[in-house]
Amino acid sequence: MSASQFRPEHRFDIVVVGAGPAGLCFARSLAGSGLRIALVERQPRAALADPAEDGREIALTHRSQRLMQALGLWTRLADDDVSELRDALVLDGDDEDGLRFRRGSGEAGPLGWLVPNHAIRRAACAELLATTDAVLFDGLRVTGVRTDADGAEVRLDDGATLTADLIVAADSRFSETRRAMGIPATMRDFGKTMLVCRVRHEREHAHTAWEWFDYGQTLALLPLRDPHLSSVVLTLPHAQTMAVQALDAEAFGADMARRFHGRLGAMSFVGPCCAYPLVGVYPRHFVAERFATIGDAAVGMHPVTAHGFNFGLRGQDTLATAIRDAHAAGRPFWSDALLQGYERAHRRATRPLYLATQLVAGLYTDEAPPAKLLRRAALRAAQRFAPFRKMVMAGLTDDGRGPLSSLSSRRAG
Ligand SMILES: Cc1cc2nc3c(=O)[nH]c(=O)nc-3n(C[C@H](O)[C@H](O)[C@H](O)COP(=O)(O)OP(=O)(O)OC[C@H]3O[C@@H](n4cnc5c(N)ncnc54)[C@H](O)[C@@H]3O)c2cc1C
């Protein structure tokens, strides 16, 4: 493609499509690398700088917390934004005791942390704008992408074209740029919708997260900093979710207390109440010629195992580290070999949990009697089998001592 038709201010090394948490963190990870980065985001700058609350409380692993610290995001969070997760409890049906996960007496710190998604977005945007010279094209939608052996170009809906050596798509699980590059993806629509909402409750939550696969509904409780404040996560068929969302504040509180069988006493609505259709997405490839996907565009997890952003952070770190190293060594950071290496590492890191999550989400929302028997048996076996609990704990905390820790520990910028 000819470069002469483009204005110099529209030429970059890397164009990132989407300034969600993954795109912002990736651009921040490349600070100080000497690479010229552009981010294109359809939302206006004001919405990025002060994002609206979206009800999502993001459970973060130890690896993610360290990555956020290294990227300068953690210190930008207010104390109130961070809640400790000390215990996790998994319940099935009318089971009273369930399967409990907690850190051993010799292990320091909590299981993980909960941080509102809008607070992560705000911190990532502030950090990016304060510490990098990445150029933000906000309020603009990417309408087309094209790559070949000589370069890459990104078309915007105002008619402008950006050129680069590499395009990185961070434009959600329904990534239009991934589709435009012809990368097929396996999608599973669970036919259910997840409702998230903050509630106040009479009894203290003891910083315990609940995942309750009840019959006819799946409930989760995410404990926030205030011992009487939690986020409830309710999964139901779409029409039922809409009916719950339409309840007034008083009826909503009463409905939640009933759904939790009164185990936390009376409940009252705090809000906001947001609904998310549940669709898992895993593309056949994360990369193509001069093109890579990160964040949900690479792995669109079902939220039940709380790993979407954790994987997003890890993937952007893997890719950014490989790019920094290649650029510093004078090697092409857009080479097939580099991109394939990223794909292999990120598939290894995400595929097993993605498949396990699909299985759990399918099994534990299946109301047929054989599935009910199977899930009860699975939980009982897990209760007795210590290595299984250890494995789940390792996944929950993910302390980053795995094969990618050398990449993760490198500070950006
Ligand atoms: C209810 C719920 C609970 C969750 N809980 C957890 C949890 O506990 N732990 C966890 O790790 N993860 C969790 N997740 C997942 C987490 O929220 C996502 O993984 C994360 O937000 C994805 O970030 P992203 O940047 O990849 O994508 P997004 O946040 O989807 O951002 C994509 C960005 O791209 C922009 N964009 C899209 N198309 C274009 C275009 N054509 N041109 C320009 N811009 C474009 C969009 O405007 C958007 O800003 C949860 C998700 C949900 C729904």
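All values below come from the heavy atoms of this structure, side chains included, with hydrogens, waters and symmetry mates left out. For ligands, and for the atoms within them, numbers begin at 1 and follow the listed sequence. Only a predicted model underlies this, so the values are computations on that prediction, with no experimental measurement involved.
Contacts with ligand 1 closer than 4.0 Å are made by heavy atoms of both the backbone and the side chain of R141. Under 4.0 Å from ligand 1, not a single heavy atom of S175 appears. Only the backbone of L140 comes within 4.0 Å of ligand 1, counting heavy atoms alone; no side-chain atom from C-beta on gets that close. If you look at M301 next to ligand 1, there are no close heavy atoms at all, none under 4.0 Å. Proximity of F309 to ligand 1, defined as any heavy-atom pair under 4.0 Å, is shared by backbone and side chain alike.
For the pair E57 and ligand 1, a heavy-atom separation below 4.0 Å is found. At a 4.0 Å cut-off, at least one heavy atom of P21 sits close enough to ligand 1 to count as contact. Heavy atoms of R121 approach ligand 1 to within less than 4.0 angstrom.
Among the atoms of A22, some N or O lies under 3.5 angstrom from an N or O of ligand 1.
More than 12 heavy atoms of other residues, nucleotides or ligands sit less than 6.0 Å from atom CG of D248.
Using a 4.0 Å cut-off to heavy atoms of A306, the atoms of ligand 1 that qualify are 7 (C), 8 (O), 9 (N), 10 (C), 11 (O). Set against the non-hydrogen atoms of S172, the atoms of ligand 1 under 4.0 Å away are 30 (O), 32 (C). Set against the non-hydrogen atoms of A170, the atoms of ligand 1 under 4.0 Å away are 32 (C), 33 (C), 34 (O). The contact set between ligand 1 and G295, taken as ligand atoms under 4.0 Å from a residue heavy atom, comprises 26 (O).
Taking all heavy atoms of D296, L24, D157, V142 into account, the minimum distance to atom 42 (N) of ligand 1 is reached by V142. Of the candidates A124, P303, A275, the one placing a heavy atom closest to atom 3 (C) of ligand 1 is P303. Comparing H302, M194, R42, Q43 against atom 45 (C) of ligand 1, the shortest heavy-atom distance belongs to R42.
With rounding to the nearest 0.5 angstrom, the CD atom of Q316 is 10.5 Å from the CG atom of L24.
The heavy-atom pair separating T241 from T193 by the smallest distance is OG1-O, 3.5 Å.
Ion pairing of D171 with R42 is absent here, as no side-chain N (NZ or NE/NH1/NH2) approaches a carboxylate O to less than 4.0 Å.
The protein heavy-atom contact nearest to atom 52 (C) of ligand 1 is R56 CD, 3.5 Å.
At a threshold of 4.5 Å between non-hydrogen side-chain atoms, the residues R155 and E153 count as touching.
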